[in-house]
Amino acid sequence: MERQSTDVLAPGAPGRTSPKPPAGPGVYRPVAQPGPRPRREELRVLVVESEPRGADCLVQGLRRHGYLVESVATGARALQVHRSADLILLDLDLPDLDGLEVCRSIRVTCDTPVIAVTARDSELDRVLGLQAGADDYMAKPYGFRELMARMEAIMRRVRPVQPLQQVIARGTLWIDAGAREIRVDGTPVEMTRKEFDLLYLLASQPETVILRKQLMTQVWDDSWSRSERTIDTHVSSLRSKLGATSWIITVRGVGFRLGHP
């Protein structure tokens, strides 16, 4: 098992008895019990950071984890483009405007979540940042894992998770999330817990290519420490158990989507 250590970011750098399967395709019922977590939407993150190296490191790290990232170096530019972002990472030490004023201006016009990321680390600085409208405050140096966790915690509050279908039928494939049962052509197929969660996640979004990092995060609750070969091993096992490799389509360099034999 591969392990990746926590990156520390220096100032200016981030471092039940089952019912019979329903007949016909496309059958859905309301949720009675939750299945695996739905795919995290790709979030548009605006990085406001004047230090080029720090901005580049943070942008690259976020993109590796499936975020859509735009980076700007000034407060004036941030005020021009911030409405297109789902979440803003705002350095308070900017070359043109004070970051606190930028935060106040953003909060006047919208409720987009803002995390202040700055070298200002006194208690007074944190109080002023939160009073200016920041939803969270992180002083440099900080760990990238902690930043990710704080981002996800904020987005859980502003974007509550919508429940997925309990039963999904796609052609001859039938999945009951409540009973955690899978059938192909009416025949039960035994699955491990992770195999079930992986297949259910793909089947719940049949037209969507799901990124490898998103699969690791949502099925394994882990996007850092495990090798991506973990996914390949489970996909290979699923294809064998389902009786056709075409049930799961590999999109090279991106991820996987549900197919149809």
Side-chain angles (χ1 to χ4, degrees), residues 2-9 13-15 31 34-49 54-71 78 82-92 103 106-107 110-118 126 129-130 133-164 193-194 197-198 200-202 204-205 208-228 230-231 254-256:
E2 297 180 358
R3 293 244 172 224
Q4 179 177 339
S5 61
T6 301
D7 298 323
V8 177
L9 310 179
V31 171
R37 293 181 299 167
R39 184 174 73 95
R40 184 186 72 203
E41 294 182 20
E42 288 186 332
L43 295 179
R44 297 165 297 176
V45 179
L46 175 63
V47 173
V48 186
E49 169 64 69
D56 288 344
C57 290
L58 182 52
V59 168
Q60 291 173 16
L62 292 172
R63 285 176 176 167
R64 282 197 300 268
H65 287 82
Y67 291 97
L68 304 175
V69 189
E70 180 180 359
S71 178
H82 72 86
R83 291 177 182 83
S84 65
D86 298 310
L87 185 144
I88 301 168
L89 302 179
L90 175 64
D91 187 4
L92 299 183
C103 189
I106 291 173
R107 191 54 67 233
C110 70
D111 58 0
T112 303
V114 176
I115 301 179
V117 285
T118 176
R126 293 192 293 272
L130 296 172
D135 297 87
D136 204 346
Y137 192 105
M138 296 190 69
K140 301 174 183 177
Y142 56 86
F144 188 71
R145 288 193 186 192
E146 182 181 358
L147 174 63
M148 293 277 293
R150 289 175 181 264
M151 291 169 61
E152 292 172 358
I154 287 176
M155 296 314 298
R156 282 197 300 271
R157 293 197 296 270
V158 301
R159 289 185 173 182
V161 173
Q162 298 299 316
L164 297 178
R193 182 168 64 90
K194 294 302 184 184
D197 291 346
L198 176 57
Y200 182 83
L201 182 56
L202 294 171
S204 66
Q205 301 170 77
T208 302
V209 177
I210 302 183
L211 304 180
R212 284 177 170 268
K213 288 295 184 181
Q214 293 169 337
L215 290 171
M216 292 302 296
T217 298
Q218 293 174 234
V219 177
W220 282 270
D221 293 314
D222 184 353
S223 60
W224 292 282
S225 64
R226 293 179 183 269
S227 166
E228 290 192 0
T230 299
I231 298 178
V254 182
F256 301 88

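No hydrogens, no waters, no symmetry mates; every other heavy atom, side chains included, goes into these values. What you are looking at is a predicted structure, and each value in this text was computed from that prediction instead of being measured.
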Nearest non-hydrogen partners of [X] and [Y], listed with the distance:
{"X": "L46", "Y": "A78", "value": "CD2-O, 4.2 Å"}
{"X": "E49", "Y": "G54", "value": "CG-C, 4.3 Å"}
{"X": "A85", "Y": "T112", "value": "O-CG2, 3.6 Å"}
{"X": "A134", "Y": "C103", "value": "N-SG, 3.4 Å"}
{"X": "I154", "Y": "P113", "value": "CG2-CB, 3.4 Å"}

Within a strict 4.5 Å, meaning less than it, do heavy atoms of the [X] and [Y] side chains meet?
{"X": "Q205", "Y": "L201", "result": "yes"}
{"X": "V254", "Y": "V209", "result": "yes"}
{"X": "K213", "Y": "Y67", "result": "no"}
{"X": "L62", "Y": "L89", "result": "yes"}
{"X": "L87", "Y": "M155", "result": "yes"}
{"X": "V45", "Y": "I88", "result": "no"}
{"X": "Y137", "Y": "V117", "result": "no"}
{"X": "L147", "Y": "M138", "result": "yes"}

Interatomic spacing from [atom1] in [X] to [atom2] in [Y] - rounded to 0.5 Å:
{"X": "R212", "Y": "F256", "atom1": "CZ", "atom2": "CZ", "value": "4.0 Å"}
{"X": "R44", "Y": "H82", "atom1": "CZ", "atom2": "NE2", "value": "13.0 Å"}
{"X": "I210", "Y": "Q218", "atom1": "CD1", "atom2": "CD", "value": "7.0 Å"}
{"X": "D86", "Y": "M151", "atom1": "CG", "atom2": "CE", "value": "10.0 Å"}
{"X": "L211", "Y": "I231", "atom1": "CG", "atom2": "CD1", "value": "10.0 Å"}
{"X": "T118", "Y": "L90", "atom1": "OG1", "atom2": "CG", "value": "8.5 Å"}

* Mind checking side-chain contact (heavy atoms from CB on, under 4.5 Å) for R63 and listing every partner two or more places apart, or none if nothing turns up? =>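 With sequence neighbours excluded, R63 shows a side-chain contact (heavy atoms from CB on, under 4.5 Å) to V59, V69, given in chain and number order.
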
* Mind checking side-chain hydrogen bond (donor to acceptor under 3.5 Å, both in side chains) for R107 and listing every partner two or more places apart, or none if nothing turns up? =>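 Once residues adjacent in sequence are excluded, the partners of R107 under the side-chain hydrogen bond (donor to acceptor under 3.5 Å, both in side chains) criterion are D135.
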
* Which residues satisfy the side-chain hydrogen bond (donor to acceptor under 3.5 Å, both in side chains) test with R126, sequence neighbours excluded? -> none

* Stepwise side-chain contact (heavy atoms from CB on, under 4.5 Å) check, Q214 with V219 -> CA-CA 8 Å; Q214 293 169 337; V219 177; over 6 Å; no

* Before accepting this row, confirm whether a basic side-chain N of the pair R157/E152 lies closer than 4.0 Å to the acidic partner's carboxylate O. =>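 Salt bridge absent between R157 and E152.
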
